[in-house]
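Here's the structure we're looking at; comments come further down.
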Amino acid sequence: MRVSQFFISTLKESPADAEVISHQLMLRAGMIRRLAAGLYTWMPIGLRTLRKVENIIREEMNRSGAIEVLMPSVQPSELWQESERWDQYGPELLRMHDRHDREYCYGPTHEEVITDFVRKEVRSYKQLPVNFYQIQTKFRDEIRPRFGVMRAREFSMKDAYSFHTSKECLEQTYKIMFETYHKIFNRMGLEFRAVEADTGSIGGNASHEFHVLADSGEDAIAFSNASDYAANVELAPTFKTNEPSNDGQIELTKIATPNQHSIEEVCKFLKVGPEQIVKTLIVKGTDGTLVALALRGDHELNTIKAQKLEGVAEPLEFANEQEIQNKLTCKPGSIGPLDLDIPVIIDHAAATISNFVCGANEDGFHYLGADWKRDCKKFEISSSADIRKIVEGDTSPDGKGTVSIKRGIEVGHIFQLGEKYSRALKANVLNADGKDQTVTMGCYGIGVTRVVAAAIEQNFDDHGIIWPESIAPFQLSLIPINLKKSASVQTTCERLYTELCNLGIEALYDDRDLRAGLMFADHELMGIPHRIVVGDRGLKEGQLEYKGRANPDSQQIPIDNLHEFLKDIINI
RNA sequence: CGGGGCAUAGCGCAGUCUGGUAGCGCACCUGCUUUGGGAGCAGGGGGUCCGAGGUUCGAAUCCUCGUGUCCCGACCA
């Protein structure tokens with residue numbers, strides 16, 4: 001492509017509201033422009049990368065045996081009424097009316113439509129299993145769209161839905177998708193992890209999220225340094241480690257701690273570490289009761305785990321100061337698990353410490369030297385629970401190695417759905433016995449536009465984007481120095497450009513006749529992996545200059561060796 | 001949803017407090033010089049100062065009501 005016949009539009013400064021690096025660089029490199037909140041135009045350079053991502057996904061999906069379809073983005077409300085999601089989905093679902101006042105929504109996902117399609121088209125178990133997919137625009141009316149295309153309202157997604165007559169068959173396809181996703185993200189050159197995910201109310205243990213690892217990720221991932229284990233921090237379980245030591249050597253003492261409320265303040269005041277403190281959080285229980293949750297001072301409550309406990313309200317809600325004062329003998333800041341008049345749930349880790357500090361249930365007082373067995377009447381070691389977030393250095397939940405925590409960007413999610421939609425929409429087939437049978441479903445998504453942003457979050461430097469080869473908008477930049485002044489530069493570039501095209505290399509030939517620095521800056525910002533510079537200086541010696549985007553050093557290449565040289569570094 | 005900030009040229013911003021000719025840098029156009037890492041000089045184009053009311057001789061500036069946009073927000077015992 002000649003730049004003069006293309007459209008590139010780079011910015012020196014990034015717009016003030018772009019806070020993450022991928023958003024800034026996508027704007028500066030001229031990949032996207034914002035139209036309105038969460039709505040973006042893909043410009044030519046950006047679209048080339050988006051198409052490459054799509055094509056990798058499409059090729060691998062096809063190879064896995066999935067079959068491409070394309071469903072409407074606008075969907076009738078009736079289907080959503082049938083699945084009961086019309087009422088459940090809430091304001092994230094963009095709803096609209098047509099001229100006859102019929103209700104529609106702009107599809108945030110396509111389970112209803114595909115299930116409707118299958119119930120109409122698939123009659124027999126002999127047609128199963130089948131896995132349909134599409135690459136299509138979705139709309140989710142996010143409360144707070146941000147980070148550019150990372151969390152936009154309109155976005156492109158690859159969604160696949162598989163149909164089966166048995167759980168075993170579903171598991172088989174699930175496994176194939178699991179492997180296919182590995183192939184897809186590996187081909188894109190991304191560092192990622194398959195992460196065990198929440199299966200919600202549907203049950204089963206079969207759901208994985210695929211996360212690209214990047215510091216700006218919104219999710220924290222806990223993974224083992226010794227195995228493939230990886231899970232969202234929200235879900236990674238923690239276990240009872242050892243029995244509480246019951247030395248009881250230190251006497252229980254009540255000590256005045258005036259105006260010391262937070263863990264930090266109490267630590268400083270009493271000169272103890274936060275791991276020697278038991279903090280007590282008061283949350284709402286069922287039927288308007290209160291429940292106390294006891295944790296080590298340096299641990300954080302995991303709300304998802306806590307709200308699943310019996311007697312705790314779901315969703316989890318903290319008691320406010322008024323409610324605490326009505327039921328307890330003190331204000332927040334001095335609450336402790338000993339002698340509390342409400343149910344106390346103790347975290348595994350908190351239950352194994354002794355001689356700890358905790359609130360004395362009297363304003364401005366804490367206990368020193370507390371011991372569970374001796375001082376807490378309600379304490380039973382067997383009753384401790386898993387209510388904290390896993391932390392770096394914990395034993396891996398699979399027992400192998402210890403836990404590290406990194407941030408990740410969720411780019412894919414695979415899920416064994418079961419019969420949730422097929423039952424609601426009555427998607428049945430005749431089985432071998434000639435009887436109606438509800439089909440079992442799996443679904444598999446990849447956020448196509450988000451992948452582009454995630455790839456940038458993982459691959460950039462001070463000069464701009466550094467695209468992995470397979471998703472770069474162009475493979476190679478051809479940069480002339482003094483194009484219009486030097487006849488030999490011009491004829492050489494024209495010849496090289498033709499040759500590169502004939503070799504099937506996607507070259508971006510910068511024939512704008514700009515200053516060298518401008519062109520270098522533009523092409524580096526756009527992240528093009530390879531660069532050939534043609535100037536009089538080198539041509540006199542029969543040399544071209546080559547530089548790889550990720551490599552700081554350039555090298556001279558004899559012009560006659562260019563083909564051989566490129567064959568080694570680019571997959572032609 | 002609650003709280004806060006912002007809204008002036010395509011982008012980044014000043015001007016608003018204290019009302020009186022709408023500015024700067026980048027980008028864009030013209031000319032000359034320059035030409036291996038975001039050039040220099042000269043000239044030029046481009047504005048619904050978010051919108052609607054109000055106060056005033058006069059409003060980007062003050063007041064009221066909207067709209068848009070961005071950020072923050074339950075770990076506190």
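Just so it is clear: chains get the letters A, B, ... in the order the sequence lines come, proteins before strands, and each one is counted from 1. Just so it is clear, the values below take in all heavy atoms, side chains as well, and ignore hydrogens, waters and symmetry mates.
- If you find the closest nucleotide of RNA chain B to S14(A) and to K547(A), the one lying nearer the 5' end belongs to S14(A).
- Base pairing analysis places rA59(B) opposite nothing; no Watson-Crick or G-U wobble pair with both distances below 3.5 Å involves it.
- Considering only side-chain atoms of R537(A), the nucleotide from rU35(B), rC75(B), rG36(B) that sits closest is rG36(B).
- In this structure a side-chain-to-backbone donor-acceptor pair under 3.5 Å is missing from K279(A) to L293(A).
- The ring-ring contact (aromatic ring centres under 6.0 Å, His included) pairs that include a residue from residues 533-559 of chain A are H530(A)-Y546(A), Y546(A)-F565(A), where partners are two or more places apart or lie in different chains.
- Toward the 5' end of RNA chain B, the nearer of the two residues I263(A) and G535(A), judged by each one's closest nucleotide, is G535(A).
- Comparing atom distances between the K279(A) side chain and each of rC75(B), rG36(B), rG25(B) picks out rC75(B) as nearest.
- Using a 4.0 Å heavy-atom cutoff across all strands shown, R531(A) reaches at least one base atom of the nucleic acid.
- Separating the C1' atom of rG23(B) from that of rA60(B) is a span of 12 Å, rounded to the nearest Å.
- D536(A) has its CG atom 11 Å from the C1' atom of rG36(B), to the nearest Å.
- For the pair R531(A) and F520(A), the distance from NZ or CZ to the six-membered ring centre is under 6.0 Å and the angle to the ring normal is within 45 degrees.
- The same atom, P, is picked in rG68(B) and in rG40(B); the two are 42 Å apart, to the nearest Å.
- rC71(B) and rG31(B) have their P atoms separated by 44 Å, with the value rounded to a whole Å.
- Residues passing the ring pair (Phe, Tyr, Trp, His ring centres under 6.0 Å) test with F239(A): none are found, sequence neighbours excluded.
- Taking the P atom of each, rU30(B) and rC70(B) are spaced 36 Å apart, rounded to whole Å.
- A straight line from CD1 of I479(A) to P of rG36(B) spans 14 Å, rounded to a whole angstrom.
- When heavy atoms are screened at a 4.0 angstrom cut-off, A37(A) is found touching the sugar-phosphate backbone but no base atom.
- The closest donor-acceptor contact from the side chain of R95(A) to the backbone of W86(A) lies under 3.5 Å.
- For R146(A), counting side-chain heavy atoms from C-beta on, the closest listed nucleotide (rC13(B), rG37(B), rC72(B)) is rC72(B).
- Proximity of a side-chain donor or acceptor of S334(A) to a complementary backbone N or O of G364(A) within less than 3.5 Å is detected.
- Comparing the same atom, P, in rG51(B) and in rA42(B) gives a spacing of 35 Å after rounding to whole Å.
- Both distances falling under 3.5 Å, in either a Watson-Crick or a G-U wobble arrangement, place rC32(B) opposite rG40(B).
- Using Watson-Crick or G-U wobble geometry with both donor-acceptor distances under 3.5 Å, rC65(B) finds its partner in rG51(B).
- Atom P of nucleotide rA77(B) and atom CG of L290(A) are separated by 17 Å, given to the nearest angstrom.
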Using atom names, set out every protein N or O paired with an N or O of nucleotides 38-40 of chain B below 3.5 Å, distance rounded to 0.1 Å.
residue : atom : partner : partner atom : Å
rG38(B) : O2'  : K12(A)  : NZ           : 2.9
rG38(B) : O6   : R28(A)  : NH2          : 3.2
rG38(B) : N2   : D522(A) : OD1          : 3.2
rA39(B) : OP2  : R515(A) : NE           : 3.2
rA39(B) : N9   : R515(A) : NH1          : 3.4
rA39(B) : N7   : R515(A) : NH1          : 3.4

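- Across all strands shown, V266(A) has no heavy atoms under 4.0 Å from either base or sugar-phosphate atoms.
- In this structure a side-chain-to-backbone donor-acceptor pair under 3.5 Å is present from Q458(A) to L213(A).
- E19(A) comes within contact range of the sugar-phosphate backbone alone, with a heavy-atom separation under 4.0 Å but no base atom that close.
- Taking a pair to require two hydrogen-bonding distances under 3.5 Å in either a Watson-Crick or a G-U wobble arrangement, rG45(B) remains unpaired.
- Rounded to an integer number of Å, the gap from D17(A) CG to rC72(B) P is 13 Å.
- Atom P of rU16(B) sits at a distance of 13 Å from the matching atom of rU21(B), rounded to the whole Å.
- Within 4.0 Å (heavy atoms only), L295(A) reaches no atom of the nucleic acid at all.
- Side chains of S354(A) and D371(A): no donor on one and acceptor on the other come within 3.5 Å.
- Straight-line distance between the P atoms of rG10(B) and rC49(B): roughly 12 Å, to the nearest whole Å.
- Partner assigned to rA9(B) is none, using Watson-Crick or G-U wobble distances below 3.5 angstrom.
- Shown here, rU18(B) forms no base pair; nothing in the strands shown gives a Watson-Crick or G-U wobble contact with both key distances under 3.5 Å.
- Of the possible donor and acceptor atoms, none in the side chain of D510(A) sits under 3.5 Å from a partner among the backbone N and O of V3(A).
- Residue T280(A) is classed as a base contact, given a heavy-atom separation below 4.0 Å to a base.
- A straight line from CZ of F520(A) to P of rU35(B) spans 16 Å, rounded to a whole angstrom.
- Taking atom CD of residue E545(A) and atom P of nucleotide rG37(B), one finds them 11 Å apart after rounding to whole Å.
- When rounded to the nearest whole Å, the span between CD1 of I335(A) and P of rA77(B) equals 10 Å.
- Of the candidates T280(A), L340(A), N361(A), L340(A) is the only one forming a side-chain contact (heavy atoms from CB on, under 4.5 Å) with L328(A).
- Rounded to a whole Å, the NZ atom of K484(A) is 14 Å from the C1' atom of rU35(B).
- Using a 4.0 Å heavy-atom criterion, one finds that I282(A) contacts the bases of the nucleic acid, with or without backbone contacts as well.
- Remark: the separation of the C1' atoms in rC65(B) and rG20(B) is 27 Å, to the nearest Å.
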